[in-house]
Structure formats: C-alpha cells, structure tokens
Amino acid sequence: MSFFEKLTSAGKDMAKKTKELADITKLNMQISSEEDKIKNKYLEIGKLYYELFSSNPDEKFAEFCAAITESKNKIALLKDQILEIKGAKKCSYCGAEIAKSAVFCSACGNKVANDENTTSDNTEESSETGENTESSQNNNGFEVVVNNYPSENTNDPQQVDSTPTLCPSCNNAVPSDSKFCPDCGNKLE
C-alpha cells in the first residue's frame, strides 16, 4: 500500500467518523428536545393537578399543594406591598395598576371601589352644598359627575405622568397612556 493510498484511506475514515459524530450530535439534540417536551408536560400536569385538586389533594400531594398555596399567598402580599409603596391599587375589573385616588380605571373605564368615600357619596355631598357640578354618563354607561372648575388634583404626582394630557370632560391631568380618565371615567381618544 503506497503512501497516497494510506492517506486516501485515512481521509475516508476521518470523513466517516466526522459524519458519525455529526449524526450522533443531531440525534442527541433531538433527544434533548423530546426530554424538554416531557419536562414541560410534567409541569403542566402538576399545575393542572394543583388547579383542580389543591383544595382537597391526595395525601401524597398535600404537602406540595400546601407549599404552592403558601408561596402564592406570600407573592400576593409582596405585590400588595409594592402597590402600597407606589401609591397604587389594582382595578378589580381588569387588573390594571391605577392610582389609589382614582375613581375610574384609566385602562378599562370601569368605576373602581375606593377604601374611602365613593364618588356617589361625594356626588351627594356636592349636590347638598350647591357646588357647580353636572351629571352625565360615560361611554360605559356609568354616571359621571363633572366639576365645572379646575381640579385641585392636577399636580398629584400619583396621577400625573411626565407628559400629562388633560381630560376634555373634567380638565384633570391624566397620564398619557390612559384610555379613560381616572377621575371622571370619560373615554380619551
């Protein structure tokens, strides 16, 4: 066997080994992909089990379900603390983050419950004192009380974005990304 024949044979062996290695790598990647699919399905099964049976789990799963419930409760408390620090609350209808003093959600326009007096209480008070107000309905059919004088809340940092716009209905400053006025519920365009 001559030198060139040996070199050609070695080249063929090397090409065969390279092809085998590439094929093995490709198959290992496919195996890894299928293993990832199995892990994701296991996670989905566990989540589905928790959603369906967390209130009455099998004794084998009770400890896991209790730990998940405890973690979810801690997360909810931590999120509430974040909202408190920001001076915000969540809209009970759509879940959007809104200013604590907002009467209407700036994302969906629905009236939000306040911890203090609600707008309907304030409406009665303003009617009794004879302040200059008028009542109408917003695009969602909610009663809207509009003050015919500038609001004192226009400088409230919780409600005013760095580039505020004015509500055409109540003339209060609203964040530029709001779809609805947080004070009167008017749909912004």
Side-chain angles (χ1 to χ4, degrees), residues 40 43-44 46-56 64-189:
N40 289 334
L43 290 172
E44 288 179 31
K47 185 177 179 183
L48 181 61
Y49 183 90
Y50 177 80
E51 289 171 356
L52 294 174
F53 303 110
S54 64
S55 60
N56 189 21
F64 297 113
C65 289
I68 290 170
T69 300
E70 184 180 337
S71 290
K72 284 184 168 218
N73 291 339
K74 283 182 183 177
I75 289 169
L77 288 173
L78 294 170
K79 286 182 176 182
D80 287 344
Q81 289 176 357
I82 290 171
L83 288 174
E84 188 66 33
I85 291 169
K86 289 172 137 182
K89 63 183 174 182
K90 290 279 184 184
C91 171
S92 58
Y93 185 75
C94 72
E97 188 175 308
I98 55 176
K100 213 175 209 180
S101 61
V103 178
F104 292 90
C105 176
S106 59
C108 69
N110 283 306
K111 189 172 184 179
V112 294
N114 283 334
D115 296 336
E116 301 168 8
N117 295 337
T118 60
T119 301
S120 60
D121 294 340
N122 293 338
T123 308
E124 292 170 9
E125 290 173 11
S126 65
S127 298
E128 291 170 2
T129 59
E131 291 179 357
N132 191 12
T133 61
E134 60 184 78
S135 181
S136 63
Q137 288 190 342
N138 70 1
N139 295 341
N140 292 328
F142 292 106
E143 182 178 4
V144 177
V145 175
V146 180
N147 295 329
N148 291 330
Y149 52 87
S151 172
E152 296 173 8
N153 295 332
T154 56
N155 293 326
D156 186 354
Q158 295 174 351
Q159 294 182 9
V160 180
D161 195 10
S162 60
T163 55
T165 56
L166 294 179
C167 172
S169 179
C170 67
N171 291 326
N172 285 341
V174 295
S176 59
D177 60 343
S178 294
K179 294 178 184 174
F180 295 88
C181 176
D183 291 322
C184 72
N186 185 50
K187 185 172 184 174
L188 305 172
E189 296 185 30

Would you compute the distance between atom CG of N172 and atom CG of N186 and round it to the nearest 0.5 angstrom?
11.0 Å

Residues which pass side-chain contact (heavy atoms from CB on, under 4.5 Å) with F53, listed by chain and number, not counting sequence neighbours:
Y49

Measure the spacing between OG of S106 and CG of L188 and express it to the nearest 0.5 Å.
9.0 Å

Run the salt bridge (Lys or Arg N to Asp or Glu O under 4.0 Å) test against E51 and tell me which residues pass, sequence neighbours left out.
none

For V112 versus C91, what's the shortest heavy-atom pair and its separation?
CG1-SG, 4.1 Å

Quick one: pull up CG in L78 and CG in L83 and give me the separation to the nearest 0.5 Å.
11.5 Å

Show the nearest heavy-atom pair for residues Y93 and C108, with the distance to one decimal.
CD2-SG, 3.8 Å

For a quick test of reading the model, state the closest non-hydrogen atom pair linking K90 to G95 and the distance between them.
CD-O, 3.0 Å

Roughly how far apart are F104 CZ and I98 CD1, rounded to 0.5 Å?
11.0 Å

What pairs with S54 under side chain to side chain donor-acceptor pair (under 3.5 Å), at least two apart in sequence or on another chain?
none

Filter on salt bridge (charged side-chain N to carboxylate O under 4.0 Å, His left out), then keep only pairs touching residues 75-84, sequence neighbours left out; what's left?
E84-K100

Sequence-distant partners of K179, side-chain contact (heavy atoms from CB on, under 4.5 Å), two or more places apart
none

Do C170 and C181 make a side-chain contact, defined as non-hydrogen atoms from C-beta onward lying under 4.5 Å apart?
yes

Mind checking side-chain contact (heavy atoms from CB on, under 4.5 Å) for T69 and listing every partner two or more places apart, or none if nothing turns up?
Y50, N73

Of C184, P182, S178, the one forming a side chain to side chain contact (heavy atoms under 4.5 Å, CB included) with C167 is C184

